[in-house]
> 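Take a look at the following structure, please.
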Amino acid sequence: MPDSKPKHAPESAYRATLNMPDTPFPMRGDLPRREPGWVTEWNDKGLYKKLRDARHGAPKFILHDGPPYANGQIHIGHAVNKILKDMIVKARQLEGYDALYTPGWDCHGLPIENAIEKKYGRKLPRDEMQARGRAFATEQIAQQMQDFQRLGVLGEWEHPYKTMDFANEAGELRALKKVMQRGFVYRGLKPVYWCFDCGSSLAEFEIEYQDKGSQTLDVMFPAADPGRLAAAFGLARLDKPAFAVIWTTTAWTIPANQALNVNPELEYSLLDTERGLLIVASALVEKCLERWQLQGKVIATTVGAKLDHMPFRHPLAHVDQGFDRLSPVYVADYATAEDGTGIVHSAPAYGVEDFNSCVANGMKVQDILNPVQGNGVYAPDLGMFAGQFIWKAVPLIIDALRVAGRLMDTRAITHSYPHCWRHKTPVIYRAAAQWFVRMDEGEGVFTDPAQKPAQTLRQIALAAIENTSFYPENGKARLRDMIAGRPDWCISRQRSWGVPLPFFLHKDSGELHPRTLAIIDQAADIVEQGGIEAWSRLSAEDVLGAQEAQSYTKSTDILEVWFDSGSTFWHVLRGTHPQLHHDEGPEADLYLEGHDQHRGWFHSSLLLASAIYGRAPYRGLLTHGFTVDGQGKKMSKSLGNTVSPQEVSSRLGAEIIRLWCASTDYSGDLAIDDKILARVVDGYRRIRNTLRFLLANVSDFDPARDAVATEEMLEIDRWALARTAALQQDILAHYKVYEFHPVVARLQLFCSEDLGGFYLDVLKDRLYTTAPKSLARRSAQTALHAITHAMLRWMAPFLSFTAEEAWKVFGGSGSIFLETYWKPAEVDEALLARWQRILEIRAAVNKEIENQREAGVVGSSLQAVVALAAGPEDHALLASLGDDLKFVFIVSAIELKAADALQISVSASSEHKCERCWHYRADVGQDAAHPTICGRCVSNLFGDGERRVHA
């Protein structure tokens, strides 16, 4: 078919007459080079302060920052956490809230002490450790702050909160006083998790479980009163030596054994064997004999209750005088017949159940044996095991039992065992005099009866959970289960770099000084002026006076670090950053951290707020997963699968990290690697290219002068506004519940299908070929201008740099973050439904055009002539578009007919191609002065312009 391109007319003759789009918004983002400039501008112009001024008096939204630890460069997990927080705060800001975000840092505690000790040696004087700890944390915060800002995070960077700020250290002491007055603090000797590497007790939150190799032991405890034992089994006498046989996986606790436990309701058998008379649970007789490779028969049985307080001797009593003691039987429900022998050996210093059982049966706390020192070495007075590190002593203990004739069996096993969260080394339970926050009934020190709540702390915290919103919802059960089952909270630590417990203990009685509450106030005032160092430098004489000081010892314990961060709602939200204070009290709208914080910051904050206020410090809790590589493996330096946010920012731009974070479902683990980032880059380009088209095509549009009233706009433009308004409803609903990946998915779909695949494609002819100021073009620009307004605000929370860049090009004043969401008219549902069917028919037509293109019948869709037969409803719908129907389908001609069902036929046009608009039309060349263009182009250029109604 001949093409209408006269030889005498160059192809570009009419290009200058087209309204070709132009914009300074570049196709390439050049993000690594340009992003730092935005960070500098935001800081130099005080953007965060401007945001506060802009929302002065508006309802507040407070996301309280869970302080990252001031130790080491940020990793990709930090980036996820801070970006999620930033997206939420920005989304709420755009919603019209005064959305406050004050970043914080956790500054005290063991990791910093470890870093100092690695560099300067162990056992540093307290004042040196504190000085170096403060300097180290300050240095780390400066680096982390720079990295967080590089990620595009907006916040109160000039005045962050730090747990080591003097005012916050003082606030923590005042929070402690409040918890004491409410009756929740007591001192007790009881087993707590103890890490030898830390040299300190650990909280439940600081424990993780890993596999550990151990030796099981079946050990014989000789009966100390054979006659009484015989009677318990209904026998006149015992003809052989009798032994209670225990089974344990903690050989190192045998030297500290002080009791045995049996279940009062279980049946126990007396076995006659070549090793003597052996007592085990009846249900385990066969397993035990098989394990010990013995023959034996049951000569009598009894229930555990009849063995209560039956005396046995330590298995090494006849070997070492230091072990010559009784080990009485106490009944306890935790002795079961599930494994072992049904008899449990009890070392009360090294197990909570053992401790409780022994104390309940009359054992005095001062009589509990505690030979394991804080460094894991047995005390010098422990006879044959003195001075041994407990793990290394295990084979020595086993050998000693074997030689003594008390070992029945030993085997190697691998089992789940508590480890230190930081050092990844095994921990033990170890009895130590510590300060605790009580979960259940009991008396506290210095309780004010007028302030003591009627409920226990556990009850208050569980009720508070019911009044908290969780994102995702499964976090509720997780936190509830942890609170329901947790033991009392040990809040004291034996370290230097932390907020002191300002206590003075009587040298004889161990009781607190009677003026303790006033001393806490005094300590808080001192710390507020000079930090914890000022209190540490004071002696007992300085505080109590010379006479009283002779009777009291100044405590050197500190509050554990979870008390530091857990109490920040008390002093940060209420005092040191009063702008974060809600009218109804220091309560945040949201806490957001990784799901491990159900046992960490979420947990400690809930307990302290419940203890002080009787409610949670947050209205909502959001948890996100951990970062993993593309195969779902945990990231580690040894595997070489880590992703550095600093490296990605310098190579691809922080915007790509932000878009990856936003497009990933954070409720599970977040996978990231180079392949995943490459897909994110492609998605970013699609969004950026759409923005560029929008900005270019409204570059000459002044809404005050050129906007078209809605009722005068072309129908397809009104559809575009309705579609945008409907999408915004969807997007804002997801933002409301902190969901970002559906927003990104819908935005990308909107760009690629609604806009790129349809509306913008249809619009090009009208934008480029109609008169610059025509109603047809201004109608399109009115819609595009509104869509750009909407899109920039939707994407601003996650594509912050790009939105800010585009906003400047768009002609916006100030920052995009000073704006609020686009306010559309009501969604025209009927219009959307009408065009939904048109789009369905268009998709069918496009499919047939593509078939004919592949067959070589047509080239571009504009070369196609479509014969379209449709049923009554579809025919009426399509016919209502009149001559504009061809523009909707982007073809040169449509022949519409009535039929029973949809029928589509595509052929090539026999008309000439207009050099200007590229449509194939019969009127090309009818104007002799313009032989290569069509009649509508002549009209658009030199006449009244074509009339467009629908598209």
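FYI, side chains are in, hydrogens and waters are out, and symmetry mates aren't considered; it's all heavy atoms of this structure. Computed from a predicted structure; not experimentally measured.
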> Do Leu881 and Glu715 have side chains that approach each other closer than 4.5 Å (heavy atoms only, starting at C-beta)?
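Yes, their side chains come closer than 4.5 Å.
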> Name the one of Thr782, Val708, Thr770 that satisfies side-chain contact (heavy atoms from CB on, under 4.5 Å) with Leu775?
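By the side-chain contact (heavy atoms from CB on, under 4.5 Å) criterion, Leu775 pairs with just one of Thr782, Val708, Thr770: Val708.
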> Can the ring centres of Trp807 and Phe25 be said to be less than 6.0 Å apart?
no
> Show, in sequence, the C-alpha distance, side-chain angles and deciding distance for Trp794 and Phe750, and conclude whether the ring-ring contact (aromatic ring centres under 6.0 Å, His included) test is met.
CA-CA 12 Å; Trp794 300 342; Phe750 183 64; 5.7 Å; yes
> More than 12 non-hydrogen atoms from neighbouring residues, nucleotides or ligands closer than 6.0 Å to CZ on Arg837, yes or no?
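Yes, the 6.0 Å shell around CZ holds more than 12 heavy atoms from other groups.
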> Quick check on Asp944: does its CG atom have over 12 non-hydrogen neighbours (other residues, nucleotides or ligands) under 6.0 Å away?
no
> Show the numbers, then the answer: is there a ring-ring contact (aromatic ring centres under 6.0 Å, His included) between Phe801 and Trp42?
CA-CA 11 Å; Phe801 293 118; Trp42 290 342; 5.3 Å; yes
> Would you check if there is a donor-acceptor pair between the side chains of Glu655 and Thr802 at a distance under 3.5 Å?
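Note: Thr802 and Glu655 side chains meet the donor-acceptor criterion.
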> Test side-chain contact (heavy atoms from CB on, under 4.5 Å) on Leu659 and Val681 and set out the steps.
CA-CA 9 Å; Leu659 183 55; Val681 169; over 6 Å; no
> Under the 3.5 angstrom rule, does the side chain of Ser939 hit a backbone N or O of Arg936 as a donor-acceptor pair?
no
> Tell me if the aromatic rings of Phe887 and His950 count as close, with their centers under 6.0 Å from one another.
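No, the ring centres sit 6.0 Å or more apart.
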> CZ of Arg705: more than 12 outside heavy atoms within 6.0 angstrom?
yes
> Testing Phe701, Phe810, Trp822 one by one against His789 for a ring pair (Phe, Tyr, Trp, His ring centres under 6.0 Å), which residue passes?
Phe810
> So does Arg651 pair up with Asp674, basic N to acidic O under 4.0 Å?
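Salt bridge present between Arg651 and Asp674.
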> Please lay out, stage by stage, how Trp835 and Arg723 fare under the test side-chain contact (heavy atoms from CB on, under 4.5 Å).
CA-CA 10 Å; Trp835 278 84; Arg723 178 70 189 97; over 6 Å; no
> Indicate whether the side chain of Ser800 and that of Arg658 have a donor and an acceptor atom separated by less than 3.5 Å.
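Side chains of Ser800 and Arg658: pair found under 3.5 Å.
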> Answer yes or no: is there a side-chain heavy-atom contact under 4.5 Å between His930 and Phe942?
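A side-chain contact under 4.5 Å exists here.
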> A side-chain contact here means heavy atoms from C-beta on lying under 4.5 Å apart; do Lys85 and Lys90 qualify?
no
> Is a donor from one side chain sitting under 3.5 angstrom from an acceptor on the other, for Ser815 and Glu804?
yes
> Answer yes or no: is there an ion pair linking Arg853 with Glu850, defined by an N-O contact shorter than 4.0 Å?
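Result for this pair is yes, salt bridge flagged.
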> Are the charged groups of Asp86 and Lys82 less than 4.0 angstrom apart, N to O?
no
> Could you check Cys661 against Leu84 for side-chain contact (heavy atoms from CB on, under 4.5 Å), going step by step and ending with a plain yes or no?
CA-CA 7 Å; Cys661 184; Leu84 281 174; 3.9 Å; yes
> Do Asp682 and Arg679 sit within salt-bridge range, that is, some charged N less than 4.0 Å from a carboxylate O?
no
> Could you pull out all residues at least two apart from Val827 that satisfy side chain to side chain contact (heavy atoms under 4.5 Å, CB included)?
Ala725, Ala726, Gln729, Glu829, Leu832
> Do Phe758 and Leu839 have side chains that get closer than 4.5 Å, going by heavy atoms?
yes
> Side chains of Tyr666 and His741: do they bring a donor and an acceptor to under 3.5 Å?
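The criterion, which ignores hydrogens and geometry beyond distance, is not satisfied for His741 and Tyr666.
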> Is it the case that Ser774 and Arg766 place a side-chain donor and acceptor less than 3.5 Å from each other?
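No, Arg766 and Ser774 have no side-chain donor paired with an acceptor closer than 3.5 Å.
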> Counting C-beta onward and ignoring hydrogens, is there a side-chain heavy-atom pair between Arg746 and Pro742 closer than 4.5 Å?
yes
> Answer yes if the side chains of Gln646 and Ser644 hold a donor-acceptor pair under 3.5 Å, and no otherwise.
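Yes, Ser644 and Gln646 have a side-chain donor paired with an acceptor closer than 3.5 Å.
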> Side chains of Asp700 and Gln781: do they bring a donor and an acceptor to under 3.5 Å?
yes
> When the ring centroid of Phe740 is compared with that of Tyr735, is the distance short of 6.0 Å?
yes
> Apply salt bridge (Lys or Arg N to Asp or Glu O under 4.0 Å) to Arg686 and list each qualifying residue two or more places apart in sequence or on a separate chain.
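Scan of Arg686 (salt bridge (Lys or Arg N to Asp or Glu O under 4.0 Å), adjacent residues dropped) gives none.
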> Is it true that Glu805 and Trp38 share a donor-acceptor pair across their side chains at a distance under 3.5 Å?
no
> Do Glu946 and Cys937 have side-chain heavy atoms sitting under 4.5 Å apart?
no
> How about Asp765 and His919: does a side-chain donor come under 3.5 Å of a side-chain acceptor?
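There is such a pair (donor and acceptor under 3.5 Å, judged by atom type) between the side chains of Asp765 and His919.
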> Between Arg916 and Thr769, does any side-chain donor sit less than 3.5 Å from a side-chain acceptor?
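Per modelled atom types, Arg916 and Thr769 side chains form no pair under 3.5 Å.
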> Is it the case that over 12 heavy atoms from other parts of the model lie below 6.0 angstrom from the NZ atom of Lys675?
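Open.
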> Are Val857 and Val906 packed together at the side-chain level, in the sense that at least one heavy-atom pair is separated by less than 4.5 angstrom?
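Val857 does not reach Val906 side chain to side chain.
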> Heavy-atom distance under 4.5 Å between the side chains of Asn43 and Tyr48, does that happen here?
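Of all side-chain heavy-atom pairs linking Tyr48 with Asn43, none is under 4.5 Å.
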> Do you see a donor-acceptor pair shorter than 3.5 Å between the side chains of Asp717 and Tyr759?
yes
> Under the rule for salt bridge (Lys or Arg N to Asp or Glu O under 4.0 Å), what residues qualify as partners of Asp44, not counting sequence neighbours?
none
